[in-house]
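The structure appears right after this line, and notes come after that.
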Amino acid sequence: MLSGEYSHTLDAKKRLILPAKLREELGNEIVLTKNVDKCVSIYPRQAWLAFCEKLDALPDTETRVVKRFLYSAAFETTIDAQNRLVIPPNLCEFASLNKNVRVVGVGNRAEIWDEAAWNETVSAVNVNDVIAVMEKLGL
């Protein structure tokens, strides 16, 4: 399970050194794509393929917009010998990634956020919404 929050910086070539804990969980083959929350999702390749299989099993009339959004931006890559990954320009632009970023683990994937956008998102969390979900889970 991917978890934790890490502050990092992108270099001039839009490379990111992944935190060691997340690297272990993600493996070497990963897929980057857009996230509806204006960040970049990082999936372990196998988790991405499992997700695609579920999405592709649904009727195209229900999923074509989702497929265009996710598949057109999907970028398969590997982590280099220096434990870095390159974030493609289209994904950097989509998520407004410049220099300071937050990398967060969110279960089956990690996310890369612009630091200011992450801080804004976290400060906007309604604790009552969190409590409601936890109650549904019996926690």
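With a 6.0 Å radius and a threshold of 12 heavy atoms from other residues, nucleotides or ligands, Lys21 has its NZ atom above the threshold. Counting non-hydrogen atoms of neighbouring residues, nucleotides and ligands closer than 6.0 angstrom, the CD atom of Glu93 reaches no more than 12 such neighbours.
In the hydrophobic clustering of this structure, Phe69 groups with Phe51; members are Ile, Leu, Val, Met, Phe, Trp, Tyr whose side-chain heavy atoms approach within less than 4.5 Å, directly or through other members. Cluster annotation: Leu70 is not connected to Ile87 through the hydrophobic network of ILVMFWY side chains, with a link wherever side-chain heavy atoms come within less than 4.5 Å. Hydrophobic cluster membership is shared by Val122 and Trp113, with clusters built from Ile, Leu, Val, Met, Phe, Trp and Tyr side chains linked at under 4.5 angstrom. Clustering ILVMFWY residues whenever any of their side-chain heavy atoms sit less than 4.5 angstrom apart, transitively, puts Val127 in a cluster other than the one holding Val133.
Contact detail for Leu26 and Pro44: the closest heavy-atom pair is O-CB, 3.4 Å. The two residues Val86 and Phe75 come nearest to each other via the heavy atoms O-CE2, 3.8 Å. Between Cys39 and Ala95, the closest heavy-atom pair is CA-CB, 3.7 Å. Closest heavy-atom contact between Arg45 and Val31: CA-CG2, 4.4 Å. Contact record, Leu2 with Ala110: CD1-N, 3.8 Å, taken as the closest heavy-atom pair. Closest heavy-atom contact between Lys14 and Asn98: NZ-O, 3.3 Å.
Counting heavy atoms from C-beta on, the side chains of Val101 and Leu10 come closer than 4.5 Å. Annotation: side chain of Asp56 is in contact with side chain of Lys67 (closest heavy-atom distance under 4.5 Å). A 4.5 Å side-chain heavy-atom check between Trp48 and Thr33 finds at least one atom pair inside the cut-off. Looking only at side-chain heavy atoms (C-beta outward), Leu55 and Tyr71 come within less than 4.5 Å of each other. Contact annotation: the side chain of Val125 never approaches that of Asp129 to less than 4.5 Å [non-hydrogen atoms, C-beta and beyond]. By the 4.5 Å heavy-atom criterion applied to side chains, Thr77 and Ile30 are counted as neighbours. At a threshold of 4.5 Å between non-hydrogen side-chain atoms, the residues Leu97 and Val40 count as touching.
Interatomic distance, CG of Asn108 versus CE of Met1, reported as 9.0 Å (0.5 Å rounding). To the nearest 0.5 Å, atoms CD (Glu115) and OG1 (Thr9) are separated by 10.0 Å. Separation of atoms CZ (Arg84) and CG (Leu16) is listed at 10.5 Å; rounding is to 0.5 Å. Atom CD1 of Ile79 and atom CD of Glu29 lie 10.0 Å apart (nearest 0.5 Å). Rounded to the nearest 0.5 Å, atoms CG (Leu85) and CD1 (Ile112) are 5.5 Å apart. The line from CG of Leu49 to NZ of Lys54 is 12.5 Å long, rounded to the nearest 0.5 Å.
With respect to the salt-bridge test (charged N to carboxylate O, under 4.0 angstrom), the residues Asp114 and Lys38 do not qualify.
Considering only residues two or more places apart in sequence or on other chains, Glu5 meets the side-chain hydrogen bond (donor to acceptor under 3.5 Å, both in side chains) condition with Arg102, Trp118.
Looking at Lys136, its side chain never comes within 3.5 Å of a backbone N or O of Ile131 through a donor-acceptor pair.
Screening Val104, Asn35, Ile42 for a side-chain contact (heavy atoms from CB on, under 4.5 Å) with Arg109, the sole residue that qualifies is Asn35.
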